[in-house]
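One structure is given below, encoded as structure tokens.
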Amino acid sequence: PKIMEDQNLELKNHILQYGSILGGISVVFGLMLYSLEMHYQNDTNVTIVSLVITIGVIAFAQFNYRTDNDGFMSLSQGIKIGLGMAAISGIINVLYFLVLSNIIDPEMMNKAIEVGMNEFLDQNPEASEELIEQVKDMQENFTGPLTSSSVMIIFSLLTGLVISLVTGLFLKRNRPE
């Protein structure tokens, strides 16, 4: 029992340390986007960079855990690390988002809705007034702080699960029985 406790404690330490690092890097990236006025746009390149950062930090955390654990890491340990990191990073990102959208740039959500509406109208120039109103209402419903925060946490966990599953498959090394 004592050995298992040590391994779980170490898992917790890795999750807290690297989850905080991932959250911190994400906030710095978010502040960089804010300084470039790109924080309310839905840009594919931003998503790709964000994913690369997440993959890199999760893989790095799993690799370091494996190194600290005598060269062994099971797939379930790898997934726990990635999911735990995603949860911590997700919470940090939600806190940053709430500060950004309520204090730093209170007009952010209106700008995002406007950008979204312009994209919708560009793609659907023949849309009826009724459809345009429905889309706008839907966007406004999804931009509330509670809905946005919930979606961010869920997305963070799903992303963390998929990434940690893939990186965990590459990095796992089971102890010989």
Side-chain angles (χ1 to χ4, degrees), residues 1-36 38-105 108 112 142 145-177:
K2 183 73 180 120
I3 293 170
M4 284 303 275
E5 279 177 37
D6 288 347
Q7 283 180 340
N8 288 337
L9 182 71
E10 197 174 332
L11 204 59
K12 238 182 267 177
N13 291 341
H14 275 74
I15 289 168
L16 289 171
Q17 179 184 355
Y18 291 104
S20 300
I21 289 171
L22 179 57
I25 291 171
S26 298
V27 168
V28 169
F29 184 58
L31 288 169
M32 188 187 78
L33 291 173
Y34 171 73
S35 72
L36 296 170
M38 292 174 65
H39 58 294
Y40 54 85
Q41 297 169 9
N42 199 359
D43 189 354
T44 308
N45 293 331
V46 170
T47 306
I48 291 169
V49 170
S50 188
L51 269 174
V52 168
I53 290 169
T54 305
I55 292 167
V57 177
I58 288 177
F60 186 70
Q62 289 174 333
F63 181 79
N64 279 340
Y65 177 79
R66 189 179 81 181
T67 303
D68 293 349
N69 196 33
D70 302 324
F72 300 105
M73 178 188 78
S74 69
L75 180 58
S76 72
Q77 287 170 322
I79 291 172
K80 285 177 193 170
I81 290 168
L83 265 178
M85 288 173 61
I88 291 168
S89 173
I91 291 166
I92 291 170
N93 281 317
V94 163
L95 294 174
Y96 166 70
F97 166 75
L98 292 172
V99 169
L100 178 68
S101 61
N102 291 303
I103 298 166
I104 299 173
D105 186 4
M108 182 183 95
F142 278 99
L146 188 64
T147 308
S148 295
S149 299
S150 302
V151 168
M152 286 172 75
I153 295 278
I154 291 166
F155 184 74
S156 181
L157 289 171
L158 286 173
T159 306
L161 175 66
V162 171
I163 290 171
S164 63
L165 177 65
V166 173
T167 55
L169 283 169
F170 280 104
L171 292 169
K172 80 177 171 99
R173 194 177 298 151
N174 295 323
R175 288 184 189 277
E177 293 299 321

Between CG on residue Asn64 and CD on residue Gln17, distance to nearest 0.5 Å:
8.0 Å

Spacing of OG1 belonging to Thr67 relative to CE belonging to Met73, to within rounding of 0.5 Å:
10.0 Å

Sorted by chain and number, sequence neighbours left out, side chain to side chain donor-acceptor pair (under 3.5 Å) with Thr167 holds for Gln62

Residue pairs fulfilling side-chain hydrogen bond (donor to acceptor under 3.5 Å, both in side chains) with at least one residue in residues 148-164, sequence neighbours excluded:
none

Value rounded to 0.5 Å, distance of CD1 in Ile163 from CG in Leu158:
11.0 Å

Rounded to the nearest 0.5 Å, how far does OG of Ser26 lie from CD1 of Ile53?
6.5 Å

Please table the atom pairs, donor to acceptor, closer than 3.5 Å between any side-chain atom in residues 81-88 and protein atoms at least two apart or in another chain.
none

Quick one, Ile153 and Asn93 - any side-chain contact, counting heavy atoms below 4.5 Å?
no

Taking the side chain as every heavy atom from C-beta outward, state whether Ile21 and Ile25 have any pair of such atoms under 4.5 Å apart.
yes

Does any N or O in the side chain of Ser50 come within less than 3.5 Å of the main-chain N or O of Val46, such that one atom is a donor and the other an acceptor?
no

Any side-chain heavy-atom pair of Tyr65 and Leu171 under 4.5 Å:
no

Interatomic spacing from CG in Leu11 to CG in Leu16 - rounded to 0.5 Å:
10.0 Å

Can you tell me how far the CG atom of Leu31 sits from the CG atom of Leu100, to the nearest 0.5 Å?
8.0 Å

Partners passing side chain to side chain donor-acceptor pair (under 3.5 Å) against Thr44 (at least two apart in sequence or in another chain):
none

Return yes when atom CZ of Phe72 has more than 12 non-hydrogen atoms of other residues, nucleotides or ligands closer than 6.0 Å, and no otherwise.
yes

Testing the basics here: between Leu22 and Ser89, what is the closest heavy-atom pair and its distance to 0.1 Å?
CG-OG, 3.6 Å

Could you work out, with side chain to side chain donor-acceptor pair (under 3.5 Å) as the rule, every residue matching Ser74, not counting sequence neighbours?
Ser76, Gln77

Does a side chain donor of either Asn69 or Arg173 reach within less than 3.5 Å of an acceptor in the other side chain?
no

Only counting residues at least two apart or in another chain, list the ones meeting ring pair (Phe, Tyr, Trp, His ring centres under 6.0 Å) with Phe60.
Tyr18

Decide yes or no for Val94 and Leu98: does some side-chain heavy atom of the first lie under 4.5 Å from some side-chain heavy atom of the second?
yes

